[in-house]
Structure formats: C-alpha cells, structure tokens
Q: 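Questions regarding the structure given below will be posed in turn.
Since the model is a prediction, treat every value here as computed from it, not as a measurement. We name chains A, B, ... by the order of the sequence lines, and we start the count at 1 in each one.
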Amino acid sequence: MLDIKFIRENVEAIAEAAKNKNIKIDLVKLIEIDEERRKLQAKLDEIRTRKNELAKLGQVSRPTDEQIGEGKKLKAEVGKIEEDLNKINSEFDELMVQVPTITAKDVPVGKDDSENIEIEREGDPLKFDFEPKDHIQLAKDLDIIDFDRGVKVSGYRGYYMKNEGASLQMALMMYAMDKLTQKGFTLMIPPTLVKEFVLFGSGYFSGKNFNESKDEIYKIANGEIEVDGKTNKENKFLIGTAEPSLLAYHAGEILEKKNLPLKFCGFSPCYRSEIGSYGKDTKGLYRVHEFMKVEQVCLCEADIDQAEKLHKEMLEISKEMHREIGLPFRVLEICTGDMSAGKYRMFDLEAWMPSRNGYGETGSASNFLDWQSRRLNVKYKDENGNKKYVYMLNNTAIPSPRFIIAILENFQQADGSVIIPEVLRKWMPGNANLIKN
RNA sequence: GGAAAGGUCGCAUAGUUGGUCUAGUGCGCACGCUUGGAAAGCGUGUGUGUCGCAAGGCACCGCGAGUUCGAAUCUCGCCCUUUCCGCCA
C-alpha cells in the first residue's frame, strides 16, 4: 500500500513499475475514483456541518417543526451520499491494495525468473569420484527420513524426520538462532496460527482478504461448528513463514526512533498449501507442506540508505551461514517480473544441490520500504515529532528441509555416510560428526 | 465445553432517565516559571485519521446496522478481551 498523495504525484513512475512487475492495474481509474471520492466527502462534510448546527440549536430550546423538517431532509441526503461514498470507497480500497512499490532504479527489468541476474558465486560445485545418491535415497538408506509413512499419515508431501535426520533439523535451527542472537537479533517463537490482518499486512493476500488470494496459505475453518442453529466462524490462518507474525508484532503501534532499527529472528513451523505447484518437485524434501525455519526481520526508520544497508547486512548473515556450513552457493538479484507488488529490491540465495545438478533456493531477502508498514500501521516518531511509517525488511535465515537436502547430497561419502558440518556438531547428540548406517 | 463481565482520545478511569460530552479527571509526556543544579510545586499544552494553501471542516468513544431533529449514552448483529468452572498438553 502506498500513500495516495504520493500516487497522485507519481502516476507515471508507478505505471512503469507495475508494467515491469507484470501487474495489471488501472491507475487512471484510481485517480478518477480518488477525485470523485474527495468531492463526495467534501459535500458530505458540508451537509453534516449544517446537521451539527441544527442539533446544537435543539439543545437550547425544543426544536421547531421547521428545524425538525430540515433535519429530516438532511438525514435523507446524508444517507444517499453515504451510500455512494461507501461504494466508491470500496472500489478505491480494492485498487489501492494493488498499487506496487516502485523498485530501486538499478533493479534489472525482466519478464520472469529467467531474467534474474547472478551477482555472486562462492564455492565450487563438488565432483564425486563415485556415483552420488540423491537425498531421498540417502535418507532412506540411513533411515533418517521416512517419506512413505509420512504420506500414509499426513498425505501427499508428508514426511517423518527420524534419528539423525531429526537431530540435524534441530541442530540447523539451533545454529541459526544462535548465530542471529549473536548478531544482535531478538529471538522469538511467534504464533503460527494468526488472524487475517497479519497475512494481509505482509502482503500474502493479493487482494484485501483471503478470498481474493491465490495460493500458499492454509485457512483453518475448524470453527464452522453449528451451535443452536448458528454457525460459529473462526477465521484463523496458518503462516507460511514467521515473517508476517514478526512484522505484526508492533502492528498499530508508534515506536520510538531511538529504538530503531529493530531486528527480530523467529523460529517457526511453516505451512504451505502449494496449490498451483502440482507436479513440481513432487518427490523429496524440496517442496513440502510443513517445515521448520528461522527467519530474520528488520524494522528501520524511513531512510532508503539505511534500509539498503540492513538488506545487505541480512544477506551477508545468510551467506555467512552457507559458508560456515560449507555449501557452495550463489546470489541472484531478482528482476522486476519475478518480484511481488510490495518489493523494492530482492535477492535470492541458492545452494548447490547435486541431485538437481544445479542450485536450489535456500533463502530470499526482500526490502519492502513502507508498503507493509502502511498495511500494518507501524509508525515511529522522528525528532520533530512527526509520525512516519517504518521500513520493513525480511530474509530467510535457515529453512530446514532445503539445507538438509544440500547437506546430505554435498557431504555424502563413497560408503554412503554423510559428514555433519563442524558448526552443527555441538548441537548433535554426542557431538556426532557423521551419519552412517 | 459451561458461566459471567467488559471494550472510552499513550496508560488508568468518569460518563448508561439521549441534547451543557466537538468527551471530564489522574498518571505520563512536552515546554515554561522557580532553582546553584535537581526534585517538588505552579502555569500552559498534549489523541488518531481525513480534506484544505490556509482559516477551518468532517469522521472516530471495539466493528457494522438501526431508532431519533439530535446517540459514547437506546435497539439488533458481529468481533475481540478478561475472569471463574470443567477437560487437557
């Protein structure tokens, strides 16, 4: 969401951004509706002024028949205009939520993910002098992930983490939390079951609410219970990442500038419906309905330089963790066409995954400026006492399944065992350095 | 699952026979006086949003409808929170 004044003054730049992001939005109509809306509001205010005057007269002495008559007439007029205004306001809102953030000037323009640009590469993909297995086979042979029984119990894309697999997952989470805490992030375990505004605020619905959204989010409809003939509804949703819960922590609040930037890292289970990705990555851990992840989030003052600096800082932390764990990786600068509406700049991190014979996404760092904070209404007071919306950024720390894929596949040995990265060992039972049969 | 209470401009509260509430008071906060400096004390100010160059207008007392010339105050629906009991991790 952007400021309507800013939109009025920057229609062309926003139209350009929308085009580059493959977003269809009728800005001309938005401007027209905005004008009409303000005109109606002005008219309404005028009538209400008179209405208030009349009511005040009525306090002094009993209103005359004439005054009562005028009051009734005004009431009817107000009702009529309010009806029109409500209609136009909802059209206005609908368009407003679709208005994209203008990307940074140097973001590559492109139509889709094929035009993302690799800007960095570190570590060389490994060469094996034996026939390497994929993580599915490794997991099966080592008895550390059970996909068959996962499907039996949970359904498609279900899995059990088992033995060292379970330990490795928790070790990764502990490692990420430990790292982020040392970097000055405040550790949180946020709610994963949240209200609608939380997901709207982060931009997870393409429209104003769940019904207008496309995919990914699970809605928990367990509250649809009939009691005495009445349906009891409960609108709760499962998060796909800790980002929305962390961002909504300060929703509706006015923060102190001296406390900014705020840095949070959140550990959470994540739920993804994966509707729309049928047939994609159907086997293994790459695309699953639930997993654990540590996420990083920052709120800072409305200053692009500072936000860009934080963005890089968060990306560096992710790179550092890939490096320490020993995974070859690359960084992509995401092009406009592969970016969602609210983003100003975005990087993806990809680790080398031998079974894919390529890189697989293991992280994504985005800067939204104030697009999310306007939806969540998070502001701060600057030195002059003016209230401004904070800038919000987020980045993955470690998503457990994809790191497990990379670790198993990259660190497998000819005898079928897997070496556990040194930095994770202290979190493994008995400081184990190897997973073997 | 059962029962009850309640949602007022940062926090706490007043306000329920509809009109003097464009919301009072206390705390907090800001500025000033006072002081060697501070505290206390005193004085002034202090909600949010929106339209407007401005003066100023309008809206908001959880949300939404309704009654009325007029609603924080009455009616209905919804949402949320809290407490107690029961069951349970």
Q: With a non-hydrogen cut-off below 4.0 angstrom, is Lys75(A) in contact with a base, only sugar-phosphate, or nothing?
A: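 Base contact.
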Q: What is the distance from CD of Glu256(A) to C1' of G10(B), rounded to the nearest Å?
A: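 Distance check: Glu256(A) CD to G10(B) C1' gives 11 Å.
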Q: As a quick check of understanding, evaluate side chain to side chain contact (heavy atoms under 4.5 Å, CB included) for His135(A) and Ile407(A), giving each step before the final call.
A: CA-CA 9 Å; His135(A) 73 280; Ile407(A) 287 170; over 6 Å; no
Q: Among side-chain atoms of Glu324(A) and Tyr175(A), is any donor-acceptor pair under 3.5 angstrom?
A: yes
Q: If a protein heavy atom is under 4.0 Å from the base, mark B; if only from the sugar-phosphate, S; if neither, -; do that for nucleotides 51-61 of chain B going 5' to 3'.
A: SS----BSS--
Q: Check whether any side-chain N or O of Lys387(A) sits under 4.0 Å from OP1 or OP2 of U48(B), and answer yes or no.
A: yes
Q: Hey, does the Lys NZ or Arg CZ of Arg37(A) hover above the aromatic six-ring of Phe92(A), less than 6.0 Å from the centre and inside 45° of the axis?
A: yes
Q: RNA chain B: Glu70(A) or Lys379(A), which has the more 5' nearest nucleotide?
A: Lys379(A)
Q: Between P on G10(B) and CG on Leu255(A), what's the gap in Å once rounded to a whole number?
A: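 Between P of G10(B) and CG of Leu255(A): 16 Å.
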Q: Consider only side-chain N and O atoms of Ser364(A) and Asp348(A), and report whether a donor and an acceptor are under 3.5 Å apart.
A: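 Judged by distance alone, the side chains do pair up.
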Q: Taking the same atom, P, in G62(B) and in A71(B), what whole-Å distance lies between them?
A: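 Per the computed distance, 16 Å lies between those P atoms.
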Q: Between Ile68(A) and Asp3(A), just flag the one whose closest nucleotide in RNA chain B comes earlier from the 5' side.
A: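 On the 5' side of the pair lies Asp3(A).
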Q: Which base, if any, makes a Watson-Crick or G-U wobble pair with A3(B), both distances under 3.5 Å?
A: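 Result: U83(B).
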Q: With sugar-phosphate meaning primed atoms plus P, OP1 and OP2, does Lys73(A) contact a base, only sugar-phosphate, or nothing at under 4.0 Å between heavy atoms?
A: nothing
Q: Just checking, any donor-acceptor pair under 3.5 angstrom between side chains of Lys343(A) and Thr103(A)?
A: no
Q: How close or far is atom P of C69(B) from atom NZ of Lys72(A), stated in whole angstroms?
A: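 Answer to the nearest Å: 4 Å.
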Q: Can you confirm whether the side chains of Asn395(A) and Ser366(A) place a donor and an acceptor under 3.5 Å from each other?
A: no
Q: Need the pair for U46(B). Rule: Watson-Crick or G-U wobble, both distances under 3.5 Å, any strand; none if unpaired.
A: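 Here U46(B) is engaged in a pair, and the nucleotide opposite it is G28(B).
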Q: Side chains of Glu36(A) and Gln41(A): any donor to acceptor distance under 3.5 Å?
A: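 No - no donor-acceptor pair under 3.5 Å links their side chains.
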